Novice: 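Sharing a structure here in structure tokens format.
Worth saying up front: this structure is predicted, and the values here are computed from it rather than measured. When reading the values below, keep in mind they use all heavy atoms of this one structure, side chains included, and skip hydrogens, waters and symmetry mates. First listed ligand is number 1; within each ligand, the first listed atom is number 1. Position 1 is the first residue of the sequence; numbering continues from there.
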Amino acid sequence: ETIQVSELAKLMGVKVGELIKKSLQMGMPVTANQSIDADTAAILADEFGYQVEKAPIEEEILLQYIPPSPEELKPRPPVVTVMGHVDHGKTTLLDAIRKTDVASKEAGGITQHIGAYTVKLEDGRIITFIDTPGHEAFTSMRARGAQVTDIVILVVAADDGVMEQTKEAIEHARAAKVPIVVAINKIDKPDANPERVKSQLAELGLVPEEWGGNTLVANISAKKRIGIEELLELVLLQAEMLDLKAAYDRPARGRIIESKLDKGRGPVATVIVQEGTLREGDVFVAGLTYGRVRAMFDSYGNRIKTATPSIPVEILGFEDVPQAGDDFIVVDEEEKARKIAEYRQRKAREAEAAKEVKISLEKLFEKLKEGEIKELNIVLKADTQGTLEALKSSLSKLSTDKVKINIIRAGIGAISESDVMLASASNAIVVGFNVKPTPNAKNVAKEEKVEIKFYDVIYQLIDDIKKAMVGLLEPKL
Ligand code: GDP
């Protein structure tokens with residue numbers, strides 16, 4: 001916990017200038033806007049006859065979380081994201097799935113775009129779909145620490161086969177440890193070749209069940225609405241294997257998946273409930289803001305009073321617009337909610353001021369040492385296939401019992417924005433060998449605070465990683 005020098009001065013009723021002067025005399029100079037730790041504050045305060053007491057972090061007291069006991073857990077519907085190469089039919093598939101919804105027919109077929117929707121099958125089972133297809137939204141959510149997707153549907157056009165973004169989607173799903181159900185689309189086309197797609201996927205490690213693997217594959221036509229029910233059955237089968245459960249009977253927690261400022265209604269956001277039951281009137285914290293649920297709507301635009309796990313709802317009643325990926329936590333008092341939001345805003349300002357690198361080799365290994373993580377994720381880019389293969393094999397050999405090296409992407413060419421986003425989402429570092437980042441990638445790396453390391457000599461790269469693994473890397477100044 002830290003405090004700003006100017007705030008410390010205010011609390012003690014002394015001028016900032018005086019405090020700074022004293023700090024100079026003591027040989028530990030500080031500036032007015034500097035955030036100092038409790039120990040430094042204590043030494044300075046002592047000079048003015050004050051004692052510093054370390055208060056526990058507000059958020060920790062206010063948001064005490066008791067994980068549910070196994071008895072509280074009940075099955076919940078799966079949340080699905082559709083990914084795949086551009087033009088392979090993601091949007092068409094999401095539309096086709098929507099049209100299979102029996103509840104929508106009851107609701108008169110009118111559906112609202114709120115960022116996610118639920119589909120009810122004939123037998124009453126429910127699946128929730130995130131309405132923004134592609135791995136960009138998926139990854140930017142993950143970069144913000146949010147994972148709402150349980151299953152990825154990978155759409156591959158049967159005429160086109162596996163393409164660049166198909167591979168990227170697989171990497172993203174794998175990095176997130178989310179299982180993939182494959183939808184081979186456009187089987188109505190004369191030049192469709194589903195068998196070729198299957199062998200391409202098998203080469204990438206997605207071996208269909210019929211070939212002895214464990215990847216579920218459906219042949220579909222999103223446009224002609226062939227095979228959609230079968231695909232949904234496979235999704236539910238995959239969900240069953242995941243044994244998805246959540247507690248229902250407790251205050252709600254969830255994630256913001258979309259938000260906007262509506263001219264008439266003010267800040268509006270869609271939340272996917274992940275635990276508990278959300279009720280109208282509930283007070284909540286969401287990212288840097290807070291509020292009270294004034295009204296809630298489901299994906300048909302119906303006003304509803306409660307929402308249970310995996311159900312997306314549009315909510316009115318935010319003080320400010322939250323961001324996609326923000327957490328959403330119901331608390332018992334408005335005062336508490338406001339305090340937490342203010343605390344988080346202060347923290348965010350401090351972090352912004354400190355411009356910390358979120359992910360660096362040194363940081364990762366601090367975490368490794370503390371046992372917080374057991375894997376080192378690397379996004380590797382090189383100039384030629386030859387060096388790439390050489391680097392891949394030497395890096396993989398560095399894995400030990402304690403630390404696993406995971407190369408989550410290995411590619412040729414400049415470091416792209418997509419590389420940086422994948423790294424950010426997966427707590428990875430980006431390593432470039434004889435390659436540079438694109439200007440865009442550079443900016444995103446800065447924003448996302450991701451470290452990019454450059455090398456042009458193989459042994460230096462290996463050496464750095466090795467050193468870092470035993471905690472010997474010299475801190476960067
Ligand atoms: P996205 O970029 O992945 O979202 O792809 P779209 O859903 O926009 O589809 C791209 C194009 O493929 C559109 O012209 C669709 O009509 C067409 N398309 C999608 N699914 C099928 C299908 O099953 N069969 C055929 N013949 N065309 C399809």
Side-chain angles (χ1 to χ4, degrees), residues 78-101 104 109 111-119 121 127-142 148-174 176 178-201 204 206 208 215-235 238 257-258 270 299 312 324 416-418 421-422:
V79 179
V80 177
T81 296
V82 174
M83 294 195 207
H85 195 71
V86 65
D87 280 345
H88 279 199
K90 299 181 291 292
T91 314
T92 313
L93 175 61
L94 279 166
D95 277 352
I97 290 171
R98 244 189 157 134
K99 288 185 179 127
T100 64
D101 181 20
S104 136
T111 46
Q112 307 285 315
H113 179 91
I114 64 166
Y117 63 85
T118 53
V119 163
L121 306 190
I127 307 175
T128 295
F129 285 87
I130 304 284
D131 220 352
T132 321
H135 58 255
E136 292 80 5
F138 177 85
T139 301
S140 75
M141 292 273 279
R142 279 190 66 227
V148 297
T149 302
D150 300 307
I151 295 168
V152 162
I153 293 183
L154 179 68
V155 179
V156 191
D159 54 342
D160 223 9
V162 168
M163 304 292 281
E164 192 53 38
Q165 287 165 319
T166 317
K167 287 185 197 154
E168 283 187 21
I170 295 171
E171 289 166 353
H172 282 273
R174 279 197 178 135
V178 174
I180 296 171
V181 171
V182 174
I184 300 181
N185 190 30
K186 307 197 186 184
I187 53 156
D188 58 294
K189 284 195 146 184
D191 52 346
N193 190 348
E195 292 307 303
R196 186 179 70 113
V197 176
K198 279 181 207 161
S199 67
Q200 287 175 333
L201 288 168
L204 297 171
L206 292 176
T215 304
L216 303 177
V217 182
N219 287 340
I220 66 161
S221 164
K223 196 170 168 183
K224 298 254 156 79
R225 294 211 248 147
I226 301 166
I228 306 299
E229 265 91 11
E230 288 80 355
L231 173 63
L232 297 183
E233 277 306 322
L234 292 186
V235 167
Q238 185 66 256
I257 55 162
E258 201 171 273
T270 298
S299 47
S416 69
E417 188 181 334
S418 150
M421 283 312 290
L422 177 63

Novice: Hey, mind stepping through H113 and D131 against side-chain hydrogen bond (donor to acceptor under 3.5 Å, both in side chains) and telling me if it holds?
Specialist: CA-CA 8 Å; H113 179 91; D131 220 352; 3.1 Å; yes

Novice: Has D150 got a side-chain atom pairing as donor or acceptor with P78's backbone, closer than 3.5 angstrom?
Specialist: no

Novice: Please test K198 against E195 for salt bridge (Lys or Arg N to Asp or Glu O under 4.0 Å), starting from the C-alpha separation and ending with a verdict.
Specialist: CA-CA 5 Å; K198 279 181 207 161; E195 292 307 303; 3.1 Å; yes

Novice: Under a 4.0 Å heavy-atom cut-off, which residues neighbour ligand 1?
Specialist: H85, V86, D87, H88, G89, K90, T91, T92, N185, K186, D188, K189, S221, A222, K223

Novice: According to salt bridge (Lys or Arg N to Asp or Glu O under 4.0 Å), who are the partners of E164, at least two apart in sequence or on a separate chain?
Specialist: none

Novice: Under 3.5 Å, side chain of N185 to main-chain N/O of H88, donor-acceptor pair present?
Specialist: yes

Novice: Between CD1 of I220 and CD of E229, what distance do you get to the nearest 0.5 Å?
Specialist: 11.5 Å

